[in-house]
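Just so you know, these numbers use all the heavy atoms, side chains as well, and skip hydrogens, waters and symmetry mates. Fair warning: this is a prediction, and the values are worked out from it, not measured in the lab.
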Amino acid sequence: MKKIILTMLVTSTIASFGQQSKGLIYPRTDKVAHTDNYFGVNIDDPYRWLEDDKSTETGAWVKAENKVTFDYLSKIPFRNAIKERMEKLWNYEKISAPFKEGDFTYYYKNNGLQNQSILYRKDASGKEEIFLDPNTFSKDATTSLDAVSFSKDGSLVAYSISEAGSDWRKVIFIDAKTKQNIDQNLIDVKFSGLSWKGNEGIFYSSYEKPKGSELSAKTDEHKLYFHKLGTNQSADVVVFGDKDKRRYVGGSVSEDNQYLFISAANSTSGNELYIKDLTQTNSHIITISKGFENDVDVIDNIGSKLFIVTNLGAPNKRIVTVDANNPSVDNWKDLIPETENVLSPSTGASFIFANYMKDAVSVVKQFDYNGKLIREVTLPGIGTASGFGGKMKDKELYFSFTNYTTPGTTYRFMPKEGNSTVYVQPKVDFKSDDYVSKQVFYTSKDGTKVPMIITHKKGVALDGKNPSILYGYGGFNVSLTPSFSIANAVWLEMGGIYVVANLRGGGEYGKKWHDAGTKMKKQNVFDDFIAAAEYLIAQKYTSSDFLAIKGGSNGGLLVGATMTQRPDLMKVALPAVGVMDMLRYHTFTAGAGWAYDYGTAIDSKEMFEYLKGYSPVQNVKSEVKYPATLVTTGDHDDRVVPAHSFKFAAELQDKQSGENPVLIRIETNAGHGAGKPVSKTIEEAADLQAFTLYNMGFNTLPNK
């Protein structure tokens, strides 16, 4: 097993000067001797000191790197033009689907460029007022509104806020009518829903505050608490997780307030499911499903009849029913059996909506609670439909529809009649009819067929000279389905091609597709991505001189692994908030929960060797010409700690042999991405596109 060699001997400092084209000189990055031993193999980690996010040395390094990066970006002649176009295109009113709570109808709205969307409401007369405005939570708009939960009668509200993009939350309680505070705030809440038990209090989840840095120290034992209004947080009762140690625990109360459903997991895939009867005093927690091999969730109940969605015995998922008084797996009965397409259900208006994913696009079927098919819902086109959720007694529901060329439009759906009408159609200054999205299936290294959607202007010349961005994720059962993006729209307007590959490791074809990109099969994901790039080049959509690869989080790992394995394949690499040190990811915050997808370096010598074989930090080599690279991260990212990106950038700057720049852009007071102010989002997106085009050789904007 792993043992740390605690020598930490300071060697002579080695500066990375990396003289590049355009006179680029990198900041000084010290190397400090540190060696870890895994199964008899020594691994040097000279940039371990960059893991200390509290140190003045790390802070100084961040400041120095940002200076070099922003000085470089400021010299790109069309950087401001891209930002200005993005701001203009972004500046349209955005309104969410409405939802009713108590005497009011609530909805989110953004007038265009507001940093945070505002939660509004209307009373029965139609009078509109602001309910919660996150733009007032902090001076720089980096405090965002997260979860909002109403009590069952709509009279009380609990909402959580995130400061500087951190996963740690504060929970605030207010009276819905007066908007006045009704209790002390809860603090140090993380990875939590907020679910009311009547008007008595809420169930929420969190970890003990870690020792050391709250942004990077390991958080491993999640607990479900009950907070009773009017009591101190220190008196909150642990409902689950005190004796049964789990990494992720969540609780939700049924709409009829009868049951508490508890999900417990040690990884991001697979969970246990429990139930507690809230109508009985001191009732016991009963097991529905034990073990972590499958995903199991309650989607609704009618009295004691539970409706459960699961991939147990059904890799593409099915819906089963069981009585809450005897809910073990042996008693489950199929209601909506598994099909060849992946199921993602919702409930509302006394119906079940089975949203199937067929080759990464939506097909929605409506069922009653007896499992009878009512209809296939007619969608506006080929793309992604989401929504169809609501309360049991709702008379109308809402769904949104989007694809790569169609801005998200909200529709009102009448479930009894089955017809829908446009509720909100955004007015975006983008001519969707001028563009086309085409799905292709290409062949990966091992012969697997992989779907990919290519979007571009109509009539584009296949001459290999089109600036192209290839985007991927390939992990954690996440499916990349078509959706509109203002940043991508600007790229398309400039004549760029935008491509999304649905790699193994994702959820596009269910559990088997996911598992085919995990642990000792993770290389399949990188092979799929490489094959996607090779297809685009072979079909002359682009060429290596005009190709950029992009991805975030697990997708950042994808970019890091691909560019170190095939640095010749692309001109530009854009890894965002990536998991770059695969030997140590499990030692930070809740990273150990990603082991289902990755495995860890302490599992076995075989697993260690496999991870070492593709880990981006450990696979940067001297005398290699790497593509122009702009690494992006946030200094408050406590999901994928920024040390991953810091160490990767340091290795690249030290070893880059070519003239392509290797820069890191570190957003301050920002986390993994959620809640980032619109102004920061636009600035980052414009910088990425400017950097990409500039390093493809453009001195003026293409097609302008």
Side-chain angles (χ1 to χ4, degrees), residues 342 357-361 382-384 403-405 436-456 460 462 466-485 487-488 491-492 496-510 512-518 521-544 546-566 569-576 578 597 614 627 688 692:
V342 181
M357 186 165 40
K358 184 176 183 179
D359 295 331
V361 299
I382 297 173
T384 303
N403 56 37
Y404 292 117
T405 62
V436 62
S437 277
K438 175 185 177 183
Q439 186 174 60
V440 300
F441 291 82
Y442 65 92
T443 304
S444 191
K445 183 178 180 179
D446 63 356
T448 300
K449 294 291 185 182
V450 182
M452 176 166 67
I453 295 180
I454 306 170
T455 306
H456 54 76
V460 67
L462 298 184
N466 301 299
S468 301
I469 293 175
L470 172 61
Y471 183 86
Y473 189 80
F476 295 90
N477 202 38
V478 171
S479 302
L480 298 184
T481 58
S483 64
F484 185 79
S485 157
N488 292 340
W491 179 257
L492 294 172
I497 295 178
Y498 185 72
V499 187
V500 177
N502 297 107
L503 316 171
R504 280 175 285 184
E508 288 87 351
Y509 294 104
K512 291 180 180 178
W513 192 254
H514 174 208
D515 287 348
T518 61
K521 298 178 181 178
K522 187 66 178 176
Q523 184 60 40
N524 286 338
V525 184
F526 313 137
D527 289 342
D528 288 355
F529 204 49
I530 290 168
E534 291 175 335
Y535 176 92
L536 295 172
I537 293 168
Q539 299 299 316
K540 295 190 176 181
Y541 283 98
T542 189
S543 62
S544 293
F546 295 97
L547 177 64
I549 59 171
K550 184 180 181 183
S553 196
N554 174 73
L557 162 64
L558 171 69
V559 172
T562 301
M563 66 179 283
T564 51
Q565 292 181 18
R566 287 292 307 276
L569 194 57
M570 74 295 298
K571 184 63 177 178
V572 178
L574 305 171
D597 266 59
Y614 74 79
L688 289 169
T692 297

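R566 and M570 make their closest contact through O-CE, 3.4 Å (heavy atoms, listed as atom of the first residue, atom of the second, distance). A516 and N524 make their closest contact through O-ND2, 2.8 Å (heavy atoms, listed as atom of the first residue, atom of the second, distance). Heavy atoms only, all atoms of each residue included: G472 and L558 are closest at C-CD2, 3.4 Å. Across all their heavy atoms, N502 and V450 have their closest contact at O-CG1, 3.4 Å. The shortest non-hydrogen separation linking Y404 to S437 is CB-OG, 3.6 Å. A pairwise comparison of heavy atoms in L574 and V572 identifies CD2-CG1, 3.8 Å as the closest pair.
Residues satisfying the ring-ring contact (aromatic ring centres under 6.0 Å, His included) test with Y473, not counting sequence neighbours, are none. In this structure, K550 has no side chain to side chain donor-acceptor pair (under 3.5 Å) partners at least two apart in sequence or on a different chain. Contacts of T692 classified as side chain to side chain donor-acceptor pair (under 3.5 Å), with partners at least two apart in sequence or in another chain: none. With sequence neighbours excluded, the residues satisfying side chain to side chain donor-acceptor pair (under 3.5 Å) with K449 are T443. For D359, the side chain to side chain donor-acceptor pair (under 3.5 Å) partners are Y509, not counting sequence neighbours. Scanning for ring-ring contact (aromatic ring centres under 6.0 Å, His included) contacts around H514 gives Y596, with sequence neighbours left out. For Q539, the side-chain contact (heavy atoms from CB on, under 4.5 Å) partners at least two apart in sequence or on another chain are Y535, Y541. With sequence neighbours excluded, the residues satisfying side-chain contact (heavy atoms from CB on, under 4.5 Å) with A533 are L470, L547, L569. Residues meeting the side-chain contact (heavy atoms from CB on, under 4.5 Å) test with L492, sequence neighbours left out: F430, Y435, T455, Y498. The side-chain contact (heavy atoms from CB on, under 4.5 Å) check on V342 picks up N316, M357, with sequence neighbours excluded.
Counting only heavy atoms from C-beta outward, the side chains of Y442 and L536 never approach each other to under 4.5 Å.
The side chain to side chain donor-acceptor pair (under 3.5 Å) contacts involving residues 555-565 comprise Q523-Q565, where partners must be two or more places apart or lie in separate chains.
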Practice problem: Evaluate the side chain to side chain contact (heavy atoms under 4.5 Å, CB included) criterion for residues I453 and K438: first the C-alpha distance (whole Å), next the side-chain angles of each, then the deciding distance (0.1 Å), finally the verdict. | Solution: CA-CA 5 Å; I453 295 180; K438 175 185 177 183; over 6 Å; no

Self-check item: Working for side chain to side chain contact (heavy atoms under 4.5 Å, CB included), residues Q439 and I382
Solution: CA-CA 11 Å; Q439 186 174 60; I382 297 173; over 6 Å; no

Practice problem: Would you please test S468 and N466 for side chain to side chain donor-acceptor pair (under 3.5 Å) and show each step? | Solution: CA-CA 6 Å; S468 301; N466 301 299; 5.9 Å; no

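A salt bridge (charged side-chain N to carboxylate O under 4.0 Å, His left out) with R504 is found for exactly one of D515, D528, D527, namely D528.
In terms of modelled atom types and a separation under 3.5 Å, the side chain of W491 and the main chain of I497 share a donor-acceptor contact.
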Enumerate, atom names and distances included, each donor-acceptor pair closer than 3.5 Å involving a side-chain atom of residues 474-481, sequence neighbours excluded.
from: S479; atom 1: OG; to: G507; atom 2: O; distance (Å): 3.4
from: S479; atom 1: OG; to: E508; atom 2: N; distance (Å): 3.3
from: T481; atom 1: OG1; to: T384; atom 2: OG1; distance (Å): 3.1

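Here the straight-line distance linking atom CE of M452 with atom OH of Y471 works out to 16.0 Å at 0.5 Å rounding.
Between K521 and D446 there is no salt bridge, since no side-chain N of the basic residue sits under 4.0 Å from a carboxylate O of the acidic one.
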